Amino acid sequence: MELDEKKYLYLLFILPIVVLLFLLNMYWKRKKQREFGDLEIVKKLSPESSVFKPVFKLVVIVLALLGLILALVNPKIGTKLETVKREGIDIVFAMDVSKSMLAEDVAPNRLEKSKQVVSQIINQLGSDRIGIVAYAGSAFPVLPITTDYSVAKMFLQSMNTDIVSSRGTSLDEAIKLSSTYFDEKSKTSKLLILISDGEDHSEGAQAAAEEANKLGMRIITVGIGTEKGGTIPLKRNGVVESYQRDQNDEVVVTKLNRTDLEAIAKATKGGYVSGNNTKEVVEYIKKTLDNIQKTEFESTQMADFQSQFQWFLGFAFLLLFLDVFLLEKKTNWVKKLNLFNDEK
């Protein structure tokens, strides 16, 4: 069960306030009766006045208010798992999270630009399954194949350069790990979207791409960065303290390596696109997906939660309707039963 509008739960504080006001009113009435005269005489002057009825009316009002509040909160229930048939392809996003992705030759930096690009691509997807891989000197599985785009975006935004401990950039490791996301026996089209500045400290990227091609994978490479390049700022609390230096204590300038990225894409009959313009990337991916054969597959998901507010609303209105006919004088048949010693 989930609560659709939790913000209305604070209205529950009204209930003890109503009870407190009722008690204060009862105390005030009793005090005024004492001032008027002897309580026994006052009771005899109003023989039809009931002690139980006001309390019962209070209970009815409190329950009615509780029903109205719960209707506003709108509890939802949905525990049924259902199998849904979808038509699409399997897509894995391989995100470069090496230190070079902190370069700011594209705003705000290469890594944040990559997140923007992937997020916008996900927004354009329909029924495709997606997964996420992070890589630097080694590759790390971030999110397995799923149809839950909201979860994918959550994991995407949490990615940073500390998620993978090993330094450098190994494009071959990214391709190899991404290939394990796909079912070799499945006829579903397989697409790897590899986002990187192209700097590669390994030598097996081309071979890994050729192996991926044998598995039926197509690779689209998205180049993030400029060929002019940029430095890698080292920040603390958002303030630049220094810049990344090499073994010779010279400031590192990282540049986009478009050539390697194009070669990887070519090996799988894929394509290369510059990632510096988000709109161009999204349009390129959309055209590519339109030309890829979709297959039908099944996915298990939680059924939509069903709103339950109408029950609480109906219960509240029923009680309010009942309250209209509840008078504070004694009821004859209840008086005969004498359940609450109301006759005295």
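Just so you know, these numbers come straight off a predicted model, no measurement behind them. We number each residue from 1, following the sequence as shown.
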**Student:** Are any side-chain N or O atoms of T268 and backbone N or O atoms of I219, one a donor and one an acceptor, separated by less than 3.5 Å?
**Tutor:**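 Yes; judged by distance alone, with no hydrogens or angles, the pair exists.
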
**Student:** Give a yes or no on whether the backbone of D172 and the side-chain of S170 come within a donor-acceptor separation of less than 3.5 Å.
**Tutor:**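 No: the side chain of S170 does not pair with the backbone of D172.
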
**Student:** Do M154 and M95 sit in one hydrophobic cluster, given that two such residues count as connected whenever their side-chain heavy atoms are within less than 4.5 Å of each other, even indirectly?
**Tutor:**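 Linked within one cluster.
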
**Student:** Out of the candidates L261, L171, I264, only one should pair with D200 under the side-chain contact (heavy atoms from CB on, under 4.5 Å) rule; please name it.
**Tutor:**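 Going through L261, L171, I264 one by one, the side-chain contact (heavy atoms from CB on, under 4.5 Å) with D200 is satisfied by L171 alone.
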
**Student:** Which value, rounded to the nearest 0.5 Å, describes the distance between I130 atom CD1 and I122 atom CD1?
**Tutor:**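 Interatomic distance, I130 CD1 to I122 CD1, rounded to 0.5 Å: 4.0 Å.
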
**Student:** Which one of L289, V222, V281 satisfies the side-chain contact (heavy atoms from CB on, under 4.5 Å) criterion with I121?
**Tutor:**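 In the set L289, V222, V281, the residue that makes a side-chain contact (heavy atoms from CB on, under 4.5 Å) with I121 is V281.
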
**Student:** Can any side-chain N or O of D128 pair as donor or acceptor with the backbone N or O of G88 at less than 3.5 Å?
**Tutor:**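 Not confirmed, D128 side chain does not pair with G88 backbone.
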
**Student:** Do T278 and K113 get their side chains close enough for a donor-acceptor pair, meaning under 3.5 Å?
**Tutor:**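 Yes, K113 and T278 have a side-chain donor paired with an acceptor closer than 3.5 Å.
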
**Student:** Within this structure, what is the OH-CG distance for the pair Y149 and L125, rounded to the nearest 0.5 Å?
**Tutor:**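 Between Y149 OH and L125 CG, I get 4.5 Å after rounding to 0.5 Å.
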
**Student:** Test your reading of the model: is there a side-chain donor-acceptor pair from T180 to the backbone of L177, 3.5 Å cut-off?
**Tutor:**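 Yes; judged by distance alone, with no hydrogens or angles, the pair exists.
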
**Student:** So that I can tick it off, tell me whether R258 and E262 are bridged by a salt bridge, with the cut-off set at under 4.0 angstrom between side-chain N and carboxylate O.
**Tutor:**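 Salt bridge between E262 and R258, a charged N being under 4.0 Å from a carboxylate O: yes.
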
**Student:** Would you compute the distance between atom OG of S196 and atom CG of N257 and round it to the nearest 0.5 angstrom?
**Tutor:**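 That separation rounds to 8.5 Å.
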
**Student:** Indicate yes or no for a side-chain donor-acceptor contact from N237 to the backbone of V239 under 3.5 Å, with no hydrogens or angles considered.
**Tutor:**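 Side chain of N237 to backbone of V239, a donor-acceptor pair under 3.5 Å: no, none is there.
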
**Student:** Side-chain donor-acceptor pair under 3.5 Å between S274 and E280, yes or no?
**Tutor:**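 Their side chains do not contain a donor-acceptor pair, so the 3.5 Å distance test is not met.
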
**Student:** Any salt bridge between E283 and K286, counting N to O under 4.0 Å?
**Tutor:**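 No.
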
**Student:** Give a yes or no on whether the backbone of V253 and the side-chain of T231 come within a donor-acceptor separation of less than 3.5 Å.
**Tutor:**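 Flag not set: sc T231 to bb V253 has no pair under 3.5 Å.
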
**Student:** Can you measure from CD (E199) to NZ (K99) and round to the nearest 0.5 angstrom?
**Tutor:**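 Going from the CD atom of E199 to the NZ atom of K99 covers 14.5 Å.
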
**Student:** Show the numbers, then the answer: is there a salt bridge (charged side-chain N to carboxylate O under 4.0 Å, His left out) between E227 and K255?
**Tutor:** CA-CA 5 Å; E227 295 181 0; K255 300 179 181 180; over 6 Å; no

**Student:** Apply the test salt bridge (charged side-chain N to carboxylate O under 4.0 Å, His left out) to residues D90 and R129: give CA-CA distance (whole Å), side-chain angles for both, the deciding distance (0.1 Å), then the verdict.
**Tutor:** CA-CA 5 Å; D90 289 343; R129 295 184 295 198; 2.7 Å; yes

**Student:** Hey, does the side chain of K269 reach the backbone of A265 with a donor-acceptor pair shorter than 3.5 angstrom?
**Tutor:**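 Pair absent, no side-chain N/O of K269 close to backbone of A265.
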
**Student:** Run T288 and R218 through side chain to side chain contact (heavy atoms under 4.5 Å, CB included) and show every step you take.
**Tutor:** CA-CA 10 Å; T288 301; R218 182 183 296 187; 4.1 Å; yes

**Student:** What do the steps show when you test Y135 against D96 for side chain to side chain contact (heavy atoms under 4.5 Å, CB included), and what is the final call?
**Tutor:** CA-CA 5 Å; Y135 67 94; D96 188 346; 3.5 Å; yes

**Student:** Does the T226 side chain pair with the main chain of G229, one donor and one acceptor, at a distance under 3.5 Å?
**Tutor:**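 Between the backbone of G229 and the side chain of T226 there is a qualifying donor-acceptor contact (under 3.5 Å).
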
**Student:** Salt bridge between R110 and D105, side-chain N to carboxylate O under 4.0 Å?
**Tutor:**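 Salt bridge flag = yes for D105 with R110.
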
**Student:** Determine, stepwise, if the pair D148 / T146 fulfils side-chain hydrogen bond (donor to acceptor under 3.5 Å, both in side chains).
**Tutor:** CA-CA 5 Å; D148 194 332; T146 181; 5.5 Å; no

**Student:** Atom CD1 of I220 and atom CG of L191: how far apart are they, to the nearest 0.5 Å?
**Tutor:**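 Those atoms lie 4.5 Å apart.
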
**Student:** So, does N291 use its side chain to make a donor-acceptor pair with the main chain of K287 at under 3.5 Å?
**Tutor:**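 Between the backbone of K287 and the side chain of N291 there is a qualifying donor-acceptor contact (under 3.5 Å).
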
**Student:** Hey, is the main chain of M159 close enough, under 3.5 Å, to the side chain of K115 for a donor-acceptor pair?
**Tutor:**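 Side chain of K115 to backbone of M159: a pair is present.
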
**Student:** Quick check on Y243: does its OH atom have over 12 non-hydrogen neighbours (other residues, nucleotides or ligands) under 6.0 Å away?
**Tutor:**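 Counting neighbours around OH of Y243, 12 or fewer heavy atoms of other residues, nucleotides or ligands fall under 6.0 Å, so no.
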
**Student:** Rounded to the nearest 0.5 Å, how far apart are CG of L63 and CZ of F315?
**Tutor:**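 Spacing of CG (L63) from CZ (F315) equals 5.0 Å.
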
**Student:** Name the one of V252, N109, T161 that satisfies side-chain contact (heavy atoms from CB on, under 4.5 Å) with I232?
**Tutor:**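 Option passing the side-chain contact (heavy atoms from CB on, under 4.5 Å) with I232: V252.
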
**Student:** I'd like to know if K235 pairs up with E104 as an ion pair, taking the criterion as any Lys NZ or Arg NE/NH1/NH2 lying under 4.0 Å from an Asp or Glu carboxylate oxygen.
**Tutor:**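 Looking at E104 together with K235, the answer is yes, because their closest N to O distance falls below 4.0 Å.
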
**Student:** Check this for me: E184, atom CD, are more than 12 non-hydrogen atoms of other residues, nucleotides or ligands nearer than 6.0 Å?
**Tutor:**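 No, because the 6.0 Å sphere around CD of E184 holds 12 heavy atoms or fewer from other groups.
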
